[in-house]
Each structure stands twice: as structure tokens, then as C-alpha cells.
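What follows is one structure encoded as C-alpha cells, with my remarks underneath.
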Amino acid sequence: NPEPRWRVELFVRRYSRATRPLLNFHRDACAVTVNVALSADEAHTGGRLLAVLDDEVQLIVRDEGEATVHPSDVLHAVTAVEAGVRYSLLLFFFLATSDDMVYI
């Protein structure tokens, strides 16, 4: 069997009290999510990453540059930013179909 091919979407997400304060609990539409903290948790008030793991809501504490990786079925959220700005780099990995393939 050939190895699976992946299509990747990446973007930076900015959270602030004035623009995008929080993200409610959800599941991602991709197969795998990589979320890289571009700011340490101490750089802002609120804006904490939560995930439901082992049937419990757990706080995921991260330093700048640390990443979380999870499959799409993990329920997760970001609490409201009260002060400062939170940045994350997100990479969404989708199993590619033949329509997604780009040949050079």
C-alpha cells in the first residue's frame, strides 16, 4: 500500500479581547491538527487552550514554541482573552484526494 498523501492548510490565528476573544468547544474538520503557541501563556490573561481528554476538561499549558498535536475527534476550545494578545500557528492536515494533488 502506498503511504497516504496529505494536504496541509496553515495559518496564524490572533486572539484579543477586542477582535477574537475566544473559541468555543469544537472538533476540527481535518484529520490531524498541529497547534504551535507563538506566544507564551504568560503573555496574555485568559486565552487558555482547553481539551476534553479522558472525559475531563483539561488545561493545556504551553510555552512559546511548544506544539500540541491531536486528531480531529478531540473536543477543544480557547478561553476568553481578557488582556494582551494570543497568537497560534495552526496546521490542518487533510488526507489528500487525487483532486488535491499538485504535480510540478
Side-chain angles (χ1 to χ4, degrees):
N1 290 338
E3 290 190 25
R5 297 199 181 256
W6 297 91
R7 178 175 57 87
V8 181
E9 293 180 8
L10 62 107
F11 56 95
V12 173
R13 181 158 280 160
R14 179 183 190 271
Y15 295 86
S16 74
R17 184 178 174 135
T19 59
R20 181 188 192 110
L22 60 88
L23 186 59
N24 291 321
F25 276 99
H26 67 284
R27 291 180 174 88
D28 295 329
C30 58
V32 177
T33 299
V34 177
N35 184 326
V36 181
L38 298 180
S39 54
D41 284 346
E42 294 80 30
H44 44 81
T45 304
R48 300 298 186 247
L49 180 61
L50 303 174
V52 177
L53 304 168
D54 298 324
D55 296 324
E56 292 181 9
V57 175
Q58 297 185 22
L59 175 66
I60 310 297
V61 179
R62 302 180 309 162
D63 232 347
E64 182 178 348
E66 292 184 338
T68 57
V69 180
H70 63 83
S72 63
D73 62 348
V74 172
L75 193 61
H76 59 286
V78 176
T79 65
V81 173
E82 297 168 14
V85 180
R86 177 187 191 270
Y87 291 96
S88 290
L89 171 66
L90 289 142
L91 295 92
F92 288 168
F93 289 81
F94 298 86
L95 281 171
T97 65
S98 59
D99 293 340
D100 294 326
M101 295 293 115
V102 176
Y103 299 95
I104 299 175

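Scanning all heavy atoms of the two residues, the minimum distance from D41 to I60 falls at OD2-O, 3.9 Å.
No continuous path of hydrophobic side-chain contacts links L23 to V52 [ILVMFWY only; heavy atoms under 4.5 Å].
Taking the side-chain contact (heavy atoms from CB on, under 4.5 Å) definition, one finds that V34 meets it with V36, A67, V69, L91, F93, sequence neighbours left out.
S72 places a side-chain N or O within 3.5 Å of a backbone atom of C30 that can act as its donor or acceptor partner.
In this structure, the separation between NE2 on H44 and CD on E42 is 8.5 Å, given to the nearest 0.5 Å. Here the straight-line distance linking atom CG of L59 with atom CG of L53 works out to 11.0 Å at 0.5 Å rounding. We find the CG-CD distance between L49 and E66 to be 11.5 Å, quoted to the nearest 0.5 Å. Taken from CD in E64 to CG in L38, the straight-line distance is 7.5 Å, to the nearest 0.5 Å. Atoms CZ and OG, on R62 and S39 in that order, are 8.5 Å from each other to the nearest 0.5 Å.
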Side-chain donor-acceptor distances from residues 8-15 under 3.5 Å, at least two apart:
from, atom 1, to, atom 2, distance (Å)
E9, OE2, R7, NH1, 2.6
R14, NE, Y87, OH, 3.1

Only pairs under 3.5 Å count here: list side-chain donor-acceptor contacts from residues 73-86, not counting sequence neighbours, and write none if there are none.
from, atom 1, to, atom 2, distance (Å)
H76, ND1, H26, O, 3.4
H76, ND1, V74, O, 2.9
H76, NE2, H26, NE2, 3.1
H76, NE2, D28, OD1, 3.4
H76, NE2, D28, OD2, 3.3
T79, OG1, G47, N, 3.2
T79, OG1, R48, N, 2.8
R86, NE, G47, O, 2.7
R86, NH1, S88, OG, 3.2

